[in-house]
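Structure first, then comments.
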Amino acid sequence: SQQRLSNRKNKYQHKMQQVAFWIESHLQDNLGLDQAAAEFSLSRSLFSREFHRHTGMSFVEHCNTRRVEKAACVLSSTELNITEVALNSGFSNLSHFHRQFKANYGLTPGAFRRKMMEEGGR
């Protein structure tokens with residue numbers, strides 16, 4: 001029934017909010033689905049299902065999106081080189097960082113930084 005579905009969504013809402021906060025404070029770590037599920041005492045499949053239900057994306061997609069968003073903020077507000085930004089944002093592989101960044105913003109990290117500086121300099 002509709003009521004049961006609603007209760008199930010609400011049952012994990014608070015836990016998924018805790019997961020989101022936990023992810024934010026661990027973005028620079030090499031986060032894995034198994035580690036996250038264990039951290040919140042959920043099975044891998046239940047964690048995956050509930051995470052997707054609450055965020056609309058997979059755990060990995062969410063982590064990568066948040067890392068890229070964090071990197072974009074750093075790129076537009078500091079002089080750190082792109083490798084440092086990638087590593088500080090939780091990416092251990094530079095080409096993976098470039099692919100994820102371009103998928104999110106349509107620009108390479110360097111082009112994004114140049115565009116931000118041009119727009120900020122006006």
Side-chain angles (χ1 to χ4, degrees):
S1 80
Q2 199 59 37
Q3 182 63 40
R4 227 172 49 233
L5 277 175
S6 175
N7 287 343
R8 200 166 77 202
K9 181 166 175 118
N10 292 339
K11 178 180 179 185
Y12 292 102
Q13 190 156 4
H14 182 68
K15 189 164 279 216
M16 289 300 126
Q17 288 169 339
Q18 292 174 314
V19 170
F21 285 121
W22 181 79
I23 290 170
E24 287 304 309
S25 61
H26 292 86
L27 277 176
Q28 70 284 1
D29 302 337
N30 185 10
L31 296 177
L33 181 58
D34 292 328
Q35 174 197 1
E39 181 77 23
F40 292 92
S41 306
L42 296 171
S43 71
R44 180 189 173 106
S45 61
L46 179 62
F47 181 91
S48 289
R49 191 170 55 247
E50 290 303 321
F51 192 87
H52 195 279
R53 185 194 321 273
H54 285 82
T55 65
M57 56 179 80
S58 75
F59 176 75
V60 170
E61 287 171 325
H62 178 80
C63 290
N64 284 335
T65 299
R66 290 300 304 128
R67 286 176 174 142
V68 166
E69 289 169 353
K70 179 181 174 186
C73 287
V74 175
L75 284 169
S76 60
S77 62
T78 72
E79 299 289 319
L80 286 176
N81 75 46
I82 290 169
T83 302
E84 287 178 280
V85 172
L87 295 174
N88 292 346
S89 301
F91 287 94
S92 53
N93 178 315
L94 209 51
S95 64
H96 180 61
F97 170 65
H98 276 268
R99 274 195 311 279
Q100 290 290 320
F101 197 94
K102 190 158 187 182
N104 273 47
Y105 290 99
L107 297 166
T108 64
F112 176 86
R113 173 178 266 168
R114 284 189 297 278
K115 185 174 194 283
M116 290 297 109
M117 289 180 152
E118 285 166 14
E119 290 177 5
R122 285 189 186 139

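Numbering starts at 1 and runs along the sequence shown.
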Might you point out which heavy atoms bring [X] and [Y] nearest each other, and give the distance in Å?
X     : Y      : result
Ser89 : Arg67  : O-CG, 2.9 Å
Val74 : Arg113 : O-NH2, 4.2 Å
Ala36 : Trp22  : CB-CZ3, 3.7 Å
Asn30 : Gln35  : O-OE1, 3.6 Å
Leu27 : Cys63  : CD2-O, 3.9 Å

Check whether any side-chain heavy atom of [X] sits under 4.5 Å from a side-chain heavy atom of [Y], and report yes or no.
X     : Y     : value
Leu80 : Asn88 : yes
Ile82 : His98 : yes
His62 : Ile23 : yes
Tyr12 : Leu46 : yes
Leu42 : Lys15 : yes

Item checked: Pair Glu118 + Arg114: basic N to acidic O under 4.0 Å ->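 Looking at Arg114 together with Glu118, the answer is no, because their closest N to O distance does not fall below 4.0 Å.
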
Sidechain N-carboxylate O distance under 4.0 Å for Arg66, Glu69 |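 Salt bridge: yes.
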
Quick check against the 3.5 Å criterion: does Thr78 have a side-chain atom that pairs as donor or acceptor with the backbone of Leu75?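 Absent.
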
Measure the [atom1]-[atom2] distance between [X] and [Y] for me, rounded to the nearest 0.5 Å.
X      : Y      : atom1 : atom2 : answer
Met117 : Ser77  : CE    : OG    : 9.5 Å
Arg99  : Leu94  : CZ    : CG    : 10.5 Å
Asp29  : Ser92  : CG    : OG    : 11.5 Å
Lys70  : Glu24  : NZ    : CD    : 8.5 Å
Gln100 : Glu61  : CD    : CD    : 9.0 Å
Thr65  : Asn104 : OG1   : CG    : 5.0 Å

inquiry  = Check the orientation of Tyr105 and Phe112. Use parallel for under 30°, tilted for 30 to 60°, and perpendicular for over 60°.
reply    =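 The arrangement is tilted - the two ring planes meet at 30° to 60°.
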
Assigning hydrophobic clusters by single linkage (Ile, Leu, Val, Met, Phe, Trp, Tyr; side-chain heavy-atom cutoff under 4.5 Å), is [X] placed with [Y]?
X      : Y     : value
Met116 : Val68 : yes
Val19  : Met57 : no
Phe40  : Met16 : yes

Less than 6.0 Å separating the ring centroids of Phe91 and His96?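 Under 6.0 Å, so yes.
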
